[in-house]
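Basis for what follows: all heavy atoms, side chains included, without hydrogens, waters or symmetry-related copies. In listed order, ligands and their atoms are each counted from 1. Nothing here was measured: the structure is a model prediction, and the numbers come from that model.
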Amino acid sequence: MQIMVVMGKILICGLYIISAAASINALDNGLGLTPQMGWNSWNHFHCKIDEKIIRETIVALSNSPLSKVGYEYVNIDDCWAGSRSSSGEILVDVKTFPNGIAPLVDLAHSVGLKLGIYSDAGFKTCAGRPGSLNYEVIDANTYASWKIDYLKYDNCHTDGTKPEIRYPKMRDALNQTGRPIFFSMCEWGIDDPATWGQNVGNSWRTTYDIKDNWDSMISIADENDKWWKYAKPGGWNDPDMLEVGNGNMSNVEYKTHFSLWCLMKAPLLIGCDIRNISPETMNILTNTDAIAINQDPLGIQGHKIRSNGILEVWAGPLKDHSMAVILLNKGTSIATISVSSDELGFEEDNLISVYDIWQHKNLGIFAGKFSAEVEAHGVMFGKFTRMDGHFVNF
Ligand code: GLA
């Protein structure tokens, strides 16, 4: 029998080794206790990024109300990397990032923000830039030397092995740097990452890419909903980045999009150009009542509790014993949507106060049933609280 000391613990070789390996391999970076909030370049700029856009975005974010309500990561997506040095280090695309990434990190840190970067668990990224497969440690060390705070890790051009094999390699590489780096897994839900992601990443994409239209947004919300039980502080289902403000949906639809992402405890990663943001978009993205639902420390993902295919009720409990509720109208004309006390875990005679998150006001007190008129493609997003402060049995 052998005795080993691993990370300060004495282990007796044999069966115990297996559990020791599992705990050593756990993601334990202390990050993601609530869903991440920030900005990402992909939805608006795709591959057309450069250091000027990133620098201006850092400044715009830090000077805008967005940074005051919790958006903190500025995440550079695909297309920043150019090649590898003869010793294997990743090098930036010198045409678009001639000064490298480190000065951007320093700028972000100097204004109290964090900087994220992107790579791929394959030979190349989805846009054909160098990937990190077989370069995990060298790349993680490079990111740590630049003081990177976040890594989004994609799944193109792989060697055919399962994501369960390739993603933990980067997790371990990030861990060994000693720098806490948020690990955002992006394998598009293909291998049910909700079922194994908690030990590997701080979030995992559950779907393919969102598009800036109603059908895409709603179908992605439905796919993400299937995995609601697996989300918890430290690891979140990720239905992809926000399209709010990119212009192809109405503001009613963008409010629905933002409401669902908040209720589902999804990452709130802004995907529009925040250097040129409209007052309507700013109003949606800075709704602090909605953000408080998303960032609620209980960390339970709200989910769909009733649907007739057009009219739906989504709900989830909050730390202060309230319920967050969405009455969703997927139809094309205004409709009345009702929810009963018992569906939300209340007794029929409980008095419930209803606060409207988009109107920012109390709608009154109800018992037994609550109804609202909801516009086409719209929501009533509310916080429902029992007047006697007792816990909801949900
Ligand atoms: C994949 C990801 C996107 C984006 C692109 C970049 O499609 O799912 O979010 O990162 O790659 O090429």
Side-chain angles (χ1 to χ4, degrees), residues 35-50 53-54 57 71 73-83 90 92-93 95-97 101 115-133 135 139 143 148-160 162-163 166-167 170 181-194 197 200-213 215-217 219-221 223-224 227 236-246 248 257 261 264 266-274:
Q36 66 268 40
M37 294 177 67
W39 173 90
N40 175 292
S41 54
W42 186 256
N43 281 359
H44 189 84
F45 295 99
H46 300 280
C47 215
K48 292 203 178 98
I49 51 167
D50 57 35
I53 292 172
I54 304 302
T57 298
Y71 297 95
Y73 289 104
V74 172
N75 292 344
I76 308 172
D77 208 280
D78 205 350
C79 301
W80 65 268
S83 56
I90 192 76
V92 294
D93 182 331
K95 289 195 290 302
T96 46
F97 289 85
I101 301 297
L115 202 105
I117 215 164
Y118 162 100
S119 190
D120 189 289
F123 301 113
K124 287 192 254 172
T125 71
C126 298
R129 307 303 177 100
S132 292
L133 189 64
Y135 290 91
D139 283 355
Y143 306 151
I148 289 287
D149 303 296
Y150 187 114
L151 175 68
K152 172 176 171 181
Y153 206 42
D154 217 336
N155 197 34
C156 281
H157 303 292
T158 74
D159 60 0
K162 284 172 171 278
R166 286 172 288 114
Y167 281 73
M170 183 52 93
I181 298 178
F182 191 106
F183 190 32
S184 155
M185 295 164 43
C186 178
E187 60 81 278
W188 321 304
I190 55 175
D191 240 356
D192 297 348
V200 185
N202 298 109
S203 64
W204 45 86
R205 282 273 297 275
T206 54
T207 71
Y208 287 111
D209 292 7
I210 192 169
K211 294 195 181 66
D212 187 16
N213 65 63
D215 288 344
S216 166
M217 183 276 290
S219 68
I220 276 186
E223 272 184 70
N224 189 65
W227 306 104
W236 307 102
N237 291 311
D238 176 2
D240 208 359
M241 301 164 299
L242 296 165
E243 291 286 6
V244 178
N246 276 331
N248 210 40
H257 176 16
W261 264 235
M264 291 196 295
L268 297 181
L269 295 172
I270 299 169
C272 67
D273 183 355
I274 56 176

(message) Could you check whether T206 and N237, counting side-chain N and O atoms only, form a donor-acceptor pair closer than 3.5 Å?
(response) no
(request) Determine yes or no for a side-chain-to-main-chain donor-acceptor pair under 3.5 angstrom, with R129 supplying the side chain and G82 the backbone. (result) no
(request) Please could you name the atoms of ligand 1 that C126 approaches to less than 4.0 Å, counting only its heavy atoms? (result) 1 (C), 11 (O), 12 (O)
(request) Report the nearest protein non-hydrogen atom to atom 12 (O) of ligand 1: residue, atom name, distance rounded to 0.1 Å. (result) D78 OD2, 2.8 Å
(request) Within a distance under 4.0 Å of any heavy atom of R205, pick out the atoms of ligand 1 and give their elements. (result) 8 (O), 9 (O)
(message) Taking 4.0 angstrom as the limit and counting only heavy atoms of Y118, give me the atoms of ligand 1 inside it, by number and element.
(response) 6 (C), 10 (O), 11 (O), 12 (O)
(request) Provide the number and element of each atom of ligand 1 under 4.0 Å from a heavy atom of C186. (result) 2 (C), 8 (O)
(request) Apply the salt bridge (charged side-chain N to carboxylate O under 4.0 Å, His left out) test between R205 and each candidate in D191, D240, D192; give the one that qualifies. (result) D240
(request) List the atom of Y153, the atom of L133, and the distance in Å for their closest heavy-atom pair. (result) OH-N, 4.3 Å
(message) Which residue and atom name correspond to the protein heavy atom nearest atom 3 (C) of ligand 1, and how close is it?
(response) D209 OD2, 3.4 Å
(message) Can you give me the closest heavy-atom contact between N155 and T158, atom names plus distance?
(response) O-CG2, 3.3 Å
(request) Do me a favour and list the nearest non-hydrogen protein atom to atom 2 (C) of ligand 1 with residue, atom name and distance? (result) D154 OD2, 3.2 Å
(request) Using the test side chain to side chain contact (heavy atoms under 4.5 Å, CB included), find all partners of N246 that sit at least two apart in sequence or belong to another chain. (result) N43, H44, D212, E243, Y254, C272
(message) Considering non-hydrogen atoms of the protein only, which is the closest contact for atom 10 (O) of ligand 1, and what is the distance?
(response) D77 OD1, 2.6 Å
(message) I need the atoms of ligand 1 closer than 4.0 Å to a non-hydrogen atom of W42, numbered in the order shown.
(response) 4 (C), 5 (C), 6 (C), 12 (O)
(message) Please tell me whether W188 and Y208 form a close aromatic pair, meaning their ring centres lie under 6.0 Å apart.
(response) yes
(request) May I ask whether K152 places a heavy atom under 4.0 Å from ligand 1? (result) yes
(request) Give the contacting part of W188 toward ligand 1: side chain, backbone, both or neither, where contact means a heavy-atom distance below 4.0 Å. (result) side chain
(message) Between D154 (side chain only) and T125 (backbone N and O only), is there a donor and an acceptor less than 3.5 Å apart?
(response) no
(message) Heavy-atom distances under 4.0 Å decide this one: backbone, side chain, both or neither, for C156 against ligand 1?
(response) neither
